[in-house]
Amino acid sequence: MLDIKRIRENKDEVNELLKRKGDYDITYLLDLDTKRRNMITEVEEKKAEQNRVSKLIPAYKKEKKDVKEILSEMKILSEEIKILDDELRQIDDEVKRLLLETPNTPNPDVAVGKDENDNVELRKWGVPRDFEFEIKPHWDLGTDLNILDFERAAKITGARFSMFIGKGAKLERAIINFMLSVHTEEDKYIEVSTPFMVNRDSMTGTGQLPKFEDDAFKMLDKDLFLIPTAEVPVTNYYRDEILDEDQLPISYTAYSPCFRKEAGSAGRDTRGLIRNHQFDKVELVKFAHPDKSNEEHDKLTSDAEKILQVLGLPYRVIELCTGDMTFSSAKTYDIEVWMPSYGRYVEISSCSNFEDYQARRANIRFRDKETQKTRYVHTLNGSGLAVGRTFAAIIENYQQVDGSVLIPEALVPFMGGLSVISK
RNA sequence: GGAAGCGUAUCGAAGUGGUCAUAACGGGACUGACUCGAAAUCAGUUGAACCCUCACGGGUUCCGUGGGUUCGAAUCCCACCGCUUCCGCCA
(Lines give C-alpha, C1' and ligand atoms only; values in the text may rest on other atoms or scores of the structure.)
Protein backbone atom coordinates (compact mmCIF):
# COMPACT_ATOMS: atom_id res chain seq x y z
CA MET A 1 0.00 0.00 0.00
CA LEU A 2 0.97 3.60 -0.32
CA ASP A 3 2.39 5.60 2.55
CA ILE A 4 -0.38 7.80 3.92
CA LYS A 5 2.21 10.44 4.80
CA ARG A 6 3.40 10.52 1.21
CA ILE A 7 -0.17 10.92 0.00
CA ARG A 8 -0.75 13.69 2.53
CA GLU A 9 2.39 15.61 1.69
CA ASN A 10 2.42 15.07 -2.10
CA LYS A 11 -1.27 15.04 -2.76
CA ASP A 12 -1.21 16.39 -6.32
CA GLU A 13 1.71 14.27 -7.46
CA VAL A 14 0.20 11.04 -6.10
CA ASN A 15 -3.19 11.86 -7.55
CA GLU A 16 -1.68 12.53 -10.96
CA LEU A 17 0.31 9.26 -10.91
CA LEU A 18 -2.73 7.26 -9.85
CA LYS A 19 -4.78 8.73 -12.68
CA ARG A 20 -2.20 7.31 -15.09
CA LYS A 21 -3.22 3.85 -13.87
CA GLY A 22 -6.96 4.37 -13.90
CA ASP A 23 -9.88 6.07 -12.31
CA TYR A 24 -8.65 6.65 -8.78
CA ASP A 25 -9.14 9.59 -6.47
CA ILE A 26 -7.67 10.20 -3.04
CA THR A 27 -9.75 13.20 -1.94
CA TYR A 28 -12.09 11.18 0.28
CA LEU A 29 -9.17 9.25 1.74
CA LEU A 30 -7.42 12.48 2.71
CA ASP A 31 -10.58 13.92 4.28
CA LEU A 32 -10.91 10.80 6.41
CA ASP A 33 -7.24 10.99 7.30
CA THR A 34 -7.66 14.53 8.64
CA LYS A 35 -10.66 13.44 10.67
CA ARG A 36 -8.75 10.47 11.97
CA ARG A 37 -5.80 12.55 13.14
CA ASN A 38 -8.03 15.03 14.93
CA MET A 39 -9.71 12.18 16.78
CA ILE A 40 -6.39 10.63 17.71
CA THR A 41 -5.26 13.89 19.28
CA GLU A 42 -8.49 14.12 21.25
CA VAL A 43 -8.51 10.57 22.55
CA GLU A 44 -4.80 10.56 23.33
CA GLU A 45 -5.17 13.62 25.53
CA LYS A 46 -7.82 11.80 27.53
CA LYS A 47 -5.66 8.70 27.79
CA ALA A 48 -2.73 10.76 29.01
CA GLU A 49 -4.97 12.15 31.76
CA GLN A 50 -6.18 8.66 32.63
CA ASN A 51 -2.62 7.37 32.87
CA ARG A 52 -1.52 10.32 34.99
CA VAL A 53 -4.29 9.91 37.54
CA SER A 54 -4.03 6.10 37.60
CA LYS A 55 -0.45 6.41 38.73
CA LEU A 56 -1.46 8.60 41.64
CA ILE A 57 -4.17 6.31 42.97
CA PRO A 58 -1.97 3.69 44.69
CA ALA A 59 -0.08 6.46 46.47
CA TYR A 60 -3.32 8.08 47.66
CA LYS A 61 -4.52 4.74 48.91
CA LYS A 62 -1.34 4.27 50.85
CA GLU A 63 -1.85 7.63 52.51
CA LYS A 64 -5.37 6.45 53.34
CA LYS A 65 -6.87 9.32 51.36
CA ASP A 66 -10.48 8.97 50.20
CA VAL A 67 -10.34 8.19 46.47
CA LYS A 68 -14.03 7.57 45.92
CA GLU A 69 -14.60 10.82 44.07
CA ILE A 70 -11.54 10.35 41.89
CA LEU A 71 -12.61 6.83 40.99
CA SER A 72 -16.05 7.94 39.89
CA GLU A 73 -14.53 10.74 37.80
CA MET A 74 -12.19 8.20 36.24
CA LYS A 75 -15.08 5.94 35.41
CA ILE A 76 -16.67 8.72 33.38
CA LEU A 77 -13.36 9.43 31.64
CA SER A 78 -12.91 5.74 30.95
CA GLU A 79 -16.32 5.57 29.29
CA GLU A 80 -15.61 8.63 27.16
CA ILE A 81 -12.41 7.02 25.99
CA LYS A 82 -14.19 3.81 25.11
CA ILE A 83 -16.72 5.65 22.94
CA LEU A 84 -14.03 7.66 21.15
CA ASP A 85 -11.92 4.54 20.64
CA ASP A 86 -14.85 2.77 18.99
CA GLU A 87 -15.42 5.68 16.61
CA LEU A 88 -11.74 5.93 15.89
CA ARG A 89 -11.50 2.24 15.11
CA GLN A 90 -14.25 2.55 12.51
CA ILE A 91 -12.44 5.40 10.81
CA ASP A 92 -9.16 3.51 11.05
CA ASP A 93 -10.70 0.49 9.36
CA GLU A 94 -12.11 2.67 6.60
CA VAL A 95 -8.77 4.41 6.00
CA LYS A 96 -7.04 1.03 5.95
CA ARG A 97 -9.58 -0.37 3.50
CA LEU A 98 -9.19 2.61 1.18
CA LEU A 99 -5.43 2.33 1.31
CA LEU A 100 -5.58 -1.40 0.55
CA GLU A 101 -7.79 -0.70 -2.45
CA THR A 102 -5.56 2.03 -3.82
CA PRO A 103 -3.07 0.67 -6.36
CA ASN A 104 0.63 1.34 -6.45
CA THR A 105 1.75 4.49 -8.22
CA PRO A 106 3.58 3.78 -11.46
CA ASN A 107 7.24 4.63 -11.73
CA PRO A 108 7.26 8.16 -13.24
CA ASP A 109 9.43 6.93 -16.14
CA VAL A 110 6.89 4.37 -17.31
CA ALA A 111 5.12 5.17 -20.57
CA VAL A 112 1.70 6.66 -19.95
CA GLY A 113 -1.07 4.79 -21.71
CA LYS A 114 -4.50 3.26 -21.50
CA ASP A 115 -4.18 -0.41 -22.45
CA GLU A 116 -1.98 -3.00 -24.14
CA ASN A 117 -1.97 -0.97 -27.36
CA ASP A 118 0.20 1.64 -25.65
CA ASN A 119 2.86 -0.80 -24.45
CA VAL A 120 6.39 -0.20 -25.65
CA GLU A 121 8.47 -2.86 -27.36
CA LEU A 122 11.98 -2.78 -25.91
CA ARG A 123 13.79 -5.54 -27.78
CA LYS A 124 13.40 -8.66 -29.83
CA TRP A 125 15.40 -11.87 -29.79
CA GLY A 126 15.46 -14.60 -32.43
CA VAL A 127 13.58 -14.87 -35.67
CA PRO A 128 10.27 -16.75 -35.97
CA ARG A 129 10.74 -19.86 -38.10
CA ASP A 130 9.38 -20.07 -41.63
CA PHE A 131 7.27 -23.20 -41.89
CA GLU A 132 7.06 -24.87 -45.30
CA PHE A 133 4.05 -26.89 -44.23
CA GLU A 134 0.77 -26.24 -42.56
CA ILE A 135 1.45 -25.91 -38.87
CA LYS A 136 -0.64 -27.43 -36.13
CA PRO A 137 -1.59 -25.61 -32.97
CA HIS A 138 -0.19 -27.22 -29.83
CA TRP A 139 -3.53 -28.67 -28.76
CA ASP A 140 -3.74 -30.67 -31.99
CA LEU A 141 -0.06 -31.56 -31.99
CA GLY A 142 -0.20 -32.69 -28.38
CA THR A 143 -3.41 -34.64 -28.79
CA ASP A 144 -2.17 -36.35 -31.97
CA LEU A 145 1.09 -37.31 -30.27
CA ASN A 146 -0.89 -38.51 -27.26
CA ILE A 147 1.11 -36.29 -24.91
CA LEU A 148 -1.81 -33.98 -24.05
CA ASP A 149 -5.39 -34.92 -23.22
CA PHE A 150 -7.88 -32.08 -22.88
CA GLU A 151 -11.05 -34.12 -23.28
CA ARG A 152 -10.41 -36.38 -20.35
CA ALA A 153 -9.18 -33.46 -18.25
CA ALA A 154 -12.55 -31.83 -18.91
CA LYS A 155 -14.29 -35.05 -17.87
CA ILE A 156 -12.29 -35.35 -14.68
CA THR A 157 -12.48 -31.71 -13.69
CA GLY A 158 -13.86 -29.32 -16.27
CA ALA A 159 -12.98 -26.80 -18.95
CA ARG A 160 -9.61 -25.05 -18.81
CA PHE A 161 -7.81 -27.99 -17.29
CA SER A 162 -5.32 -30.22 -19.03
CA MET A 163 -3.51 -33.50 -18.65
CA PHE A 164 0.01 -34.34 -19.71
CA ILE A 165 0.55 -37.94 -20.79
CA GLY A 166 3.68 -40.07 -21.16
CA LYS A 167 6.46 -38.10 -22.88
CA GLY A 168 4.33 -35.01 -22.40
CA ALA A 169 4.35 -35.40 -18.64
CA LYS A 170 8.06 -36.05 -18.83
CA LEU A 171 8.60 -32.95 -20.96
CA GLU A 172 6.70 -30.82 -18.47
CA ARG A 173 8.85 -32.15 -15.65
CA ALA A 174 11.98 -31.61 -17.74
CA ILE A 175 11.04 -27.98 -18.36
CA ILE A 176 10.57 -27.40 -14.64
CA ASN A 177 13.85 -29.09 -13.75
CA PHE A 178 15.72 -27.24 -16.47
CA MET A 179 14.47 -23.85 -15.32
CA LEU A 180 15.20 -24.55 -11.66
CA SER A 181 18.67 -25.80 -12.52
CA VAL A 182 19.55 -22.69 -14.50
CA HIS A 183 18.21 -20.33 -11.86
CA THR A 184 19.86 -22.07 -8.92
CA GLU A 185 23.15 -23.02 -10.55
CA GLU A 186 23.86 -20.08 -12.87
CA ASP A 187 21.88 -17.24 -11.34
CA LYS A 188 22.21 -18.17 -7.66
CA TYR A 189 18.57 -18.14 -6.70
CA ILE A 190 17.72 -20.25 -3.67
CA GLU A 191 15.14 -22.88 -4.50
CA VAL A 192 12.13 -23.05 -2.21
CA SER A 193 9.09 -25.28 -2.18
CA THR A 194 6.08 -23.68 -0.55
CA PRO A 195 2.55 -24.40 0.58
CA PHE A 196 0.09 -24.16 -2.29
CA MET A 197 -2.61 -22.79 -0.02
CA VAL A 198 -2.20 -19.51 1.82
CA ASN A 199 -4.15 -17.51 4.35
CA ARG A 200 -5.89 -14.16 3.98
CA ASP A 201 -3.00 -12.14 5.39
CA SER A 202 -0.63 -13.52 2.77
CA MET A 203 -3.05 -12.78 -0.06
CA THR A 204 -3.43 -9.25 1.30
CA GLY A 205 0.32 -8.83 1.68
CA THR A 206 1.04 -9.26 -2.01
CA GLY A 207 -2.07 -7.37 -3.16
CA GLN A 208 -4.47 -10.07 -4.37
CA LEU A 209 -6.88 -9.15 -1.57
CA PRO A 210 -9.12 -7.42 -0.75
CA LYS A 211 -9.90 -6.20 -4.25
CA PHE A 212 -9.53 -9.34 -6.34
CA GLU A 213 -11.07 -12.05 -4.19
CA ASP A 214 -13.24 -13.15 -7.13
CA ASP A 215 -10.15 -14.22 -9.06
CA ALA A 216 -8.98 -16.68 -6.42
CA PHE A 217 -10.08 -20.20 -5.58
CA LYS A 218 -11.07 -20.33 -1.94
CA MET A 219 -11.51 -23.26 0.43
CA LEU A 220 -15.05 -23.86 1.61
CA ASP A 221 -14.47 -24.65 5.26
CA LYS A 222 -11.22 -22.75 5.92
CA ASP A 223 -10.19 -19.19 5.19
CA LEU A 224 -7.49 -20.39 2.79
CA PHE A 225 -6.85 -19.73 -0.88
CA LEU A 226 -5.16 -21.76 -3.61
CA ILE A 227 -2.15 -19.74 -4.68
CA PRO A 228 -2.51 -17.87 -8.00
CA THR A 229 1.32 -17.73 -8.15
CA ALA A 230 4.26 -18.71 -5.96
CA GLU A 231 4.85 -14.98 -5.56
CA VAL A 232 2.31 -15.09 -2.72
CA PRO A 233 3.92 -17.67 -0.40
CA VAL A 234 7.48 -16.67 -1.30
CA THR A 235 7.04 -12.90 -0.82
CA ASN A 236 5.15 -13.49 2.42
CA TYR A 237 8.01 -15.65 3.68
CA TYR A 238 9.41 -12.53 5.36
CA ARG A 239 6.10 -10.91 6.31
CA ASP A 240 6.37 -8.98 9.60
CA GLU A 241 10.12 -9.43 9.74
CA ILE A 242 13.11 -7.10 9.94
CA LEU A 243 16.03 -8.26 7.80
CA ASP A 244 19.71 -7.34 8.00
CA GLU A 245 20.87 -4.95 5.31
CA ASP A 246 23.74 -7.37 4.56
CA GLN A 247 21.27 -10.06 3.55
CA LEU A 248 19.97 -8.05 0.60
CA PRO A 249 19.32 -8.83 -2.13
CA ILE A 250 17.67 -12.16 -1.34
CA SER A 251 16.69 -14.19 -4.40
CA TYR A 252 14.36 -17.16 -4.41
CA THR A 253 13.07 -19.40 -7.13
CA ALA A 254 10.09 -21.67 -6.65
CA TYR A 255 8.20 -24.17 -8.71
CA SER A 256 4.48 -24.28 -8.03
CA PRO A 257 1.17 -24.93 -9.63
CA CYS A 258 -0.95 -21.78 -9.97
CA PHE A 259 -4.71 -21.60 -9.67
CA ARG A 260 -6.76 -18.83 -11.24
CA LYS A 261 -10.45 -18.43 -11.84
CA GLU A 262 -9.80 -16.38 -14.98
CA ALA A 263 -12.98 -14.47 -14.24
CA GLY A 264 -13.66 -12.05 -17.05
CA SER A 265 -11.78 -13.94 -19.75
CA ALA A 266 -14.62 -16.18 -20.86
CA GLY A 267 -14.23 -17.11 -24.50
CA ARG A 268 -10.57 -16.10 -24.69
CA ASP A 269 -7.87 -18.69 -25.38
CA THR A 270 -10.35 -21.47 -24.75
CA ARG A 271 -8.24 -24.17 -26.37
CA GLY A 272 -4.96 -25.61 -25.27
CA LEU A 273 -2.54 -24.67 -22.54
CA ILE A 274 -2.58 -20.91 -22.80
CA ARG A 275 -5.27 -20.00 -20.29
CA ASN A 276 -6.01 -22.73 -17.74
CA HIS A 277 -7.40 -22.69 -14.23
CA GLN A 278 -4.33 -24.63 -13.15
CA PHE A 279 -0.87 -24.26 -14.61
CA ASP A 280 2.70 -24.75 -13.51
CA LYS A 281 5.17 -21.96 -13.14
CA VAL A 282 8.74 -21.43 -12.00
CA GLU A 283 8.80 -18.12 -10.21
CA LEU A 284 11.62 -15.71 -9.36
CA VAL A 285 11.29 -13.48 -6.31
CA LYS A 286 13.70 -10.90 -4.95
CA PHE A 287 13.88 -8.81 -1.81
CA ALA A 288 16.08 -5.88 -2.73
CA HIS A 289 17.59 -2.77 -1.20
CA PRO A 290 15.43 0.20 -2.27
CA ASP A 291 18.40 1.89 -3.94
CA LYS A 292 19.13 -1.20 -6.03
CA SER A 293 15.74 -2.46 -7.08
CA ASN A 294 15.83 -1.15 -10.64
CA GLU A 295 19.09 -2.98 -11.33
CA GLU A 296 17.67 -6.11 -9.76
CA HIS A 297 14.59 -5.76 -11.91
CA ASP A 298 16.69 -5.70 -15.08
CA LYS A 299 18.69 -8.68 -13.86
CA LEU A 300 15.62 -10.67 -13.00
CA THR A 301 14.15 -9.99 -16.42
CA SER A 302 17.30 -11.11 -18.19
CA ASP A 303 17.40 -14.25 -16.02
CA ALA A 304 13.96 -15.11 -17.37
CA GLU A 305 14.94 -14.19 -20.93
CA LYS A 306 17.93 -16.50 -20.74
CA ILE A 307 15.62 -19.51 -20.47
CA LEU A 308 14.05 -18.67 -23.82
CA GLN A 309 17.43 -18.03 -25.39
CA VAL A 310 18.79 -21.38 -24.31
CA LEU A 311 15.62 -23.06 -25.53
CA GLY A 312 15.95 -21.21 -28.83
CA LEU A 313 12.49 -19.67 -28.69
CA PRO A 314 12.03 -16.24 -30.32
CA TYR A 315 10.63 -13.58 -28.01
CA ARG A 316 10.26 -9.91 -27.43
CA VAL A 317 10.32 -7.80 -24.28
CA ILE A 318 7.81 -5.04 -23.78
CA GLU A 319 7.40 -2.42 -21.11
CA LEU A 320 3.81 -2.25 -19.94
CA CYS A 321 2.27 1.21 -20.07
CA THR A 322 0.73 2.67 -16.92
CA GLY A 323 -2.79 1.56 -17.81
CA ASP A 324 -1.85 -2.07 -18.51
CA MET A 325 0.16 -2.68 -15.36
CA THR A 326 -1.20 -4.70 -12.50
CA PHE A 327 -2.54 -3.21 -9.29
CA SER A 328 0.59 -3.59 -7.16
CA SER A 329 3.29 -2.95 -9.74
CA ALA A 330 5.38 0.19 -10.21
CA LYS A 331 7.03 -1.06 -13.37
CA THR A 332 6.55 -4.22 -15.41
CA TYR A 333 8.36 -5.89 -18.29
CA ASP A 334 6.47 -8.63 -20.09
CA ILE A 335 8.32 -11.27 -22.06
CA GLU A 336 6.32 -12.62 -24.98
CA VAL A 337 7.23 -15.80 -26.80
CA TRP A 338 6.52 -16.44 -30.46
CA MET A 339 3.49 -18.71 -30.73
CA PRO A 340 3.12 -19.96 -34.33
CA SER A 341 -0.54 -20.96 -33.99
CA TYR A 342 -1.41 -17.46 -32.79
CA GLY A 343 0.86 -15.87 -35.38
CA ARG A 344 2.03 -13.45 -32.73
CA TYR A 345 3.96 -13.08 -29.51
CA VAL A 346 2.18 -14.36 -26.36
CA GLU A 347 2.98 -13.42 -22.78
CA ILE A 348 5.14 -16.03 -21.08
CA SER A 349 6.59 -13.99 -18.23
CA SER A 350 5.77 -10.83 -16.36
CA CYS A 351 8.58 -9.23 -14.37
CA SER A 352 7.61 -6.49 -11.94
CA ASN A 353 9.17 -4.14 -9.48
CA PHE A 354 6.68 -3.45 -6.71
CA GLU A 355 9.05 -1.10 -4.93
CA ASP A 356 7.83 -0.77 -1.32
CA TYR A 357 4.15 -1.33 -2.10
CA GLN A 358 4.00 -5.01 -1.13
CA ALA A 359 6.64 -4.57 1.57
CA ARG A 360 4.44 -1.97 3.24
CA ARG A 361 1.40 -4.25 3.06
CA ALA A 362 3.32 -7.27 4.25
CA ASN A 363 5.48 -5.24 6.66
CA ILE A 364 8.84 -6.46 5.36
CA ARG A 365 11.67 -4.21 6.49
CA PHE A 366 15.42 -4.15 6.92
CA ARG A 367 17.63 -2.28 9.32
CA ASP A 368 19.70 0.42 7.67
CA LYS A 369 23.26 -0.12 8.84
CA GLU A 370 24.19 3.52 8.91
CA THR A 371 21.14 5.04 10.57
CA GLN A 372 20.08 1.86 12.48
CA LYS A 373 16.54 2.74 11.39
CA THR A 374 14.13 0.36 9.68
CA ARG A 375 13.22 0.82 6.03
CA TYR A 376 10.92 -1.12 3.74
CA VAL A 377 12.59 -3.48 1.28
CA HIS A 378 11.64 -3.49 -2.37
CA THR A 379 10.03 -6.67 -3.65
CA LEU A 380 10.26 -7.94 -7.21
CA ASN A 381 9.13 -11.00 -9.03
CA GLY A 382 8.75 -12.53 -12.42
CA SER A 383 7.89 -15.79 -14.06
CA GLY A 384 10.93 -17.71 -14.98
CA LEU A 385 8.81 -19.01 -16.85
CA ALA A 386 5.19 -20.15 -17.15
CA VAL A 387 5.59 -23.87 -17.79
CA GLY A 388 2.41 -24.61 -19.77
CA ARG A 389 3.04 -21.80 -22.21
CA THR A 390 6.68 -22.85 -22.54
CA PHE A 391 5.49 -26.38 -23.31
CA ALA A 392 3.13 -25.03 -25.97
CA ALA A 393 5.81 -22.78 -27.47
CA ILE A 394 8.31 -25.63 -27.64
CA ILE A 395 6.08 -28.11 -29.40
CA GLU A 396 4.70 -25.51 -31.80
CA ASN A 397 8.06 -23.99 -32.71
CA TYR A 398 9.84 -27.34 -32.91
CA GLN A 399 7.15 -29.25 -34.81
CA GLN A 400 8.09 -31.10 -38.00
CA VAL A 401 6.16 -31.89 -41.12
CA ASP A 402 5.37 -35.44 -39.94
CA GLY A 403 3.78 -34.16 -36.74
CA SER A 404 6.72 -35.05 -34.50
CA VAL A 405 8.43 -32.57 -32.21
CA LEU A 406 12.16 -32.01 -31.68
CA ILE A 407 13.36 -31.54 -28.13
CA PRO A 408 15.53 -28.40 -27.69
CA GLU A 409 19.11 -29.44 -27.07
CA ALA A 410 19.21 -27.99 -23.57
CA LEU A 411 16.29 -30.18 -22.52
CA VAL A 412 17.62 -33.46 -23.91
CA PRO A 413 19.60 -34.32 -20.75
CA PHE A 414 16.47 -33.65 -18.71
CA MET A 415 14.53 -35.98 -21.03
CA GLY A 416 16.85 -38.90 -20.39
CA GLY A 417 18.52 -38.43 -23.76
CA LEU A 418 15.30 -38.29 -25.77
CA SER A 419 15.63 -35.80 -28.64
CA VAL A 420 12.36 -36.20 -30.50
CA ILE A 421 8.77 -37.00 -29.61
CA SER A 422 6.94 -38.87 -32.32
CA LYS A 423 4.03 -41.24 -32.57
C1' G B 1 -9.66 -36.71 16.95
C1' G B 2 -8.13 -37.03 22.77
C1' A B 3 -4.70 -34.94 26.74
C1' A B 4 -1.17 -31.42 28.57
C1' G B 5 1.90 -27.19 28.02
C1' C B 6 3.32 -22.69 25.60
C1' G B 7 2.94 -17.71 22.68
C1' U B 8 6.67 -11.03 25.99
C1' A B 9 10.30 -6.23 21.34
C1' U B 10 16.39 -8.88 16.92
C1' C B 11 16.90 -13.98 19.65
C1' G B 12 16.53 -16.77 24.44
C1' A B 13 13.93 -15.50 28.72
C1' A B 14 11.98 -13.30 33.80
C1' G B 15 7.67 -11.01 35.21
C1' U B 16 0.91 -13.55 37.93
C1' G B 17 -3.90 -6.49 39.22
C1' G B 18 -1.04 -0.40 40.19
C1' U B 19 3.83 3.70 41.47
C1' C B 20 10.22 -2.19 37.88
C1' A B 21 7.42 -2.17 30.11
C1' U B 22 12.56 1.19 26.88
C1' A B 23 10.24 -4.69 29.48
C1' A B 24 14.87 -7.69 34.71
C1' C B 25 18.86 -11.31 33.22
C1' G B 26 21.58 -13.37 29.06
C1' G B 27 22.87 -13.61 23.70
C1' G B 28 23.32 -10.72 19.23
C1' A B 29 24.29 -5.98 16.88
C1' C B 30 26.64 -1.12 17.20
C1' U B 31 30.33 2.48 19.56
C1' G B 32 34.72 3.22 22.41
C1' A B 33 39.24 1.38 25.19
C1' C B 34 43.30 -2.23 24.87
C1' U B 35 46.08 -4.16 20.02
C1' C B 36 50.35 -3.36 14.30
C1' G B 37 45.55 -5.74 13.30
C1' A B 38 42.12 -9.39 15.02
C1' A B 39 40.25 -12.54 18.90
C1' A B 40 39.49 -12.32 24.04
C1' U B 41 38.43 -8.74 27.85
C1' C B 42 36.39 -4.11 29.82
C1' A B 43 32.97 0.26 29.36
C1' G B 44 28.78 2.28 26.92
C1' U B 45 24.60 2.21 23.28
C1' U B 46 20.63 -0.60 21.19
C1' G B 47 12.36 -2.15 20.06
C1' A B 48 8.41 -0.73 16.62
C1' A B 49 4.27 2.10 14.93
C1' C B 50 1.39 6.38 15.37
C1' C B 51 -0.24 11.65 17.00
C1' C B 52 1.04 16.98 18.20
C1' U B 53 5.30 20.48 17.04
C1' C B 54 9.03 24.61 11.92
C1' A B 55 12.08 22.71 15.73
C1' C B 56 13.50 21.53 20.88
C1' G B 57 10.41 18.39 22.90
C1' G B 58 5.81 16.10 24.49
C1' G B 59 2.13 12.20 24.13
C1' U B 60 -0.41 7.42 22.73
C1' U B 61 -0.42 2.31 21.46
C1' C B 62 1.85 -2.60 21.16
C1' C B 63 3.12 -8.90 25.95
C1' G B 64 -0.31 -14.38 19.64
C1' U B 65 -5.53 -12.19 17.85
C1' G B 66 -10.38 -10.37 19.20
C1' G B 67 -13.78 -9.41 23.13
C1' G B 68 -14.99 -8.91 28.59
C1' U B 69 -14.24 -7.56 34.04
C1' U B 70 -11.78 -3.07 36.51
C1' C B 71 -10.61 3.69 38.10
C1' G B 72 -6.30 0.61 36.31
C1' A B 73 -4.81 -5.92 32.84
C1' A B 74 1.16 -9.17 30.24
C1' U B 75 -1.26 -10.69 34.93
C1' C B 76 -8.33 -12.39 35.99
C1' C B 77 -12.57 -14.32 32.47
C1' C B 78 -14.40 -15.88 27.31
C1' A B 79 -13.57 -17.06 22.15
C1' C B 80 -10.25 -17.82 18.24
C1' C B 81 -5.32 -18.62 15.83
C1' G B 82 -0.53 -20.77 16.02
C1' C B 83 3.44 -23.82 18.16
C1' U B 84 5.42 -28.05 21.22
C1' U B 85 4.95 -32.91 23.58
C1' C B 86 2.25 -37.56 24.41
C1' C B 87 -1.78 -40.88 22.58
C1' G B 88 -4.84 -42.26 18.27
C1' C B 89 -4.91 -42.16 12.86
C1' C B 90 -2.25 -41.70 8.45
C1' A B 91 1.75 -40.84 3.68
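All values reported here derive from a predicted model rather than from experimental measurement.
- As the counterpart of B/A73, no nucleotide is assigned, since no Watson-Crick or G-U wobble pattern has both distances under 3.5 Å.
- Across the protein-nucleic acid pair, A/Asp201 atom CG and B/C80 atom P stand 19 Å apart, rounded to whole Å.
- When the side-chain nitrogen and oxygen atoms of A/Arg365 are compared with OP1 and OP2 of B/A48, none of them lie within a distance under 4.0 Å.
- Summarising the geometry, the separation between CG on A/Asp368 and P on B/U10 is reported as 16 Å, rounded to the nearest angstrom.
- Between the CZ atom of A/Arg37 and the C1' atom of B/U53 there is a distance of 13 Å, rounded to whole Å.
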Could you please spell out the steps behind the ring pair (Phe, Tyr, Trp, His ring centres under 6.0 Å) verdict for A/Phe150 and A/Phe161? CA-CA 7 Å; A/Phe150 297 101; A/Phe161 284 87; over 10 Å; no
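- Across the C1' atoms, B/G82 and B/U65 are found 10 Å apart, a figure rounded to whole Å.
- Taking atom P in both B/G7 and B/G12, one finds a spacing of 11 Å when rounded to whole Å.
- Pairing for B/G12 goes to B/C25, judged as Watson-Crick or G-U wobble with the two contacts each under 3.5 Å.
- Across the strands present, B/C63 finds no partner; the criterion is a Watson-Crick or G-U wobble pair with both atom distances under 3.5 angstrom.
- Set against B/C50, B/U61, B/G67, the side chain of A/Glu44 has B/C50 as its closest nucleotide.
- Within 6.0 Å of atom CZ in A/Arg152, 12 or fewer heavy atoms from other residues, nucleotides or ligands are found, so the atom counts as exposed in its surroundings.
- A/Glu73 CD: more than 12 foreign heavy atoms inside a 6.0 Å radius.
- No contact: A/Arg360 has no heavy atom under 4.0 Å from any strand.
- Interatomic distance, CG of A/Leu284 versus SG of A/Cys351, reported as 7.0 Å (0.5 Å rounding).
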Does A/Thr253 form a side chain to side chain donor-acceptor pair (under 3.5 Å) with A/His183? I'd like the steps, not just the answer. CA-CA 7 Å; A/Thr253 183; A/His183 294 316; 5.1 Å; no
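- Nucleotides B/C86 and B/G32, compared at atom P, are 49 Å apart to the nearest Å.
- Nucleotide B/U61 holds its P atom 20 Å from the NZ atom of A/Lys96, rounded to whole Å.
- Dense packing is recorded around CG of A/Asp115, with more than 12 heavy atoms of other residues, nucleotides or ligands lying under 6.0 Å away.
- For A/Gln90, the CD atom sits in a loose shell: 12 or fewer heavy atoms of surrounding residues, nucleotides or ligands are nearer than 6.0 Å.
- When the side-chain nitrogen and oxygen atoms of A/Arg36 are compared with OP1 and OP2 of B/C50, none of them lie within a distance under 4.0 Å.
- Proximity of A/Thr374 to the phosphate of B/A49: a side-chain N or O atom is located under 4.0 Å from OP1 or OP2.
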Would you list the protein and nucleotides 70-75 of chain B atom pairs, both N or O, that sit under 3.5 Å from each other?
| from | atom 1 | to | atom 2 | distance (Å) |
| --- | --- | --- | --- | --- |
| B/C71 | OP2 | A/Lys75 | NZ | 2.7 |
| B/G72 | OP1 | A/Ser78 | OG | 2.9 |

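- Look at CG on A/Asp223: it is 15 Å from C1' on B/G82, rounded to the nearest Å.
- Dashed line: the shortest gap from a side-chain N or O of A/Asn51 to OP1 or OP2 of B/U60 is under 4.0 Å.
- One can place CZ of A/Arg52 at 16 Å from C1' of B/U60, the figure rounded to the nearest angstrom.
- For the OP1/OP2 pair of B/A48 and a distance below 4.0 Å, the side-chain nitrogens and oxygens of A/Arg367 include at least one atom meeting the criterion.
- Pairing of B/G7, defined by two Watson-Crick or G-U wobble distances under 3.5 Å, is identified with B/C81.
- Taking a pair to require two hydrogen-bonding distances under 3.5 Å in either a Watson-Crick or a G-U wobble arrangement, B/G1 pairs with B/C87.
- Atom name P, nucleotides B/A4 and B/C90: the rounded distance is 24 Å, in whole Å.
- The separation of B/U16 from B/C89, taken at their P atoms, amounts to 42 Å, rounded to a whole angstrom.
- Within 4.0 Å of A/Lys5, counting heavy atoms only, lie sugar-phosphate atoms of the nucleic acid but no base atom.
- Here the separation of B/G64 from B/A13, taken at their P atoms, is 14 Å to the nearest Å.
- Enclosure of atom NZ in A/Lys306 by more than 12 non-hydrogen atoms of other residues, nucleotides or ligands within 6.0 angstrom is indicated.
- Base pairing of B/C36 is not made with any nucleotide, judged by Watson-Crick or G-U wobble geometry with both donor-acceptor distances under 3.5 Å.
- Side-chain polar atoms of A/Ser349 and A/Arg389 form no donor-acceptor pair below 3.5 angstrom.
- Rounded to whole angstrom, the span from the CD1 atom of A/Ile91 across to the C1' atom of B/C51 amounts to 14 Å.
- Nucleotides B/G66 and B/A73, compared at atom C1', are 15 Å apart to the nearest Å.
- Using C1' as the reference atom, B/G44 and B/A48 are 23 Å apart when rounded to the nearest Å.
- In this structure, A/Ile40 and A/Glu45 both approach RNA chain B, and ranking their closest nucleotides by distance from the 5' end singles out A/Ile40.
- For A/Tyr333 and A/His297, the ring centers are positioned less than 6.0 Å apart.
- Pair check for B/U31 finds B/A43; Watson-Crick or G-U wobble, both atom distances under 3.5 Å.
- Counting only heavy atoms from C-beta on, A/Arg89 has its side chain closest to B/G66 among B/U60, B/G66, B/C51.
- For the pair A/Glu9 CD and B/C51 P, the computed distance is 10 Å after rounding to whole Å.
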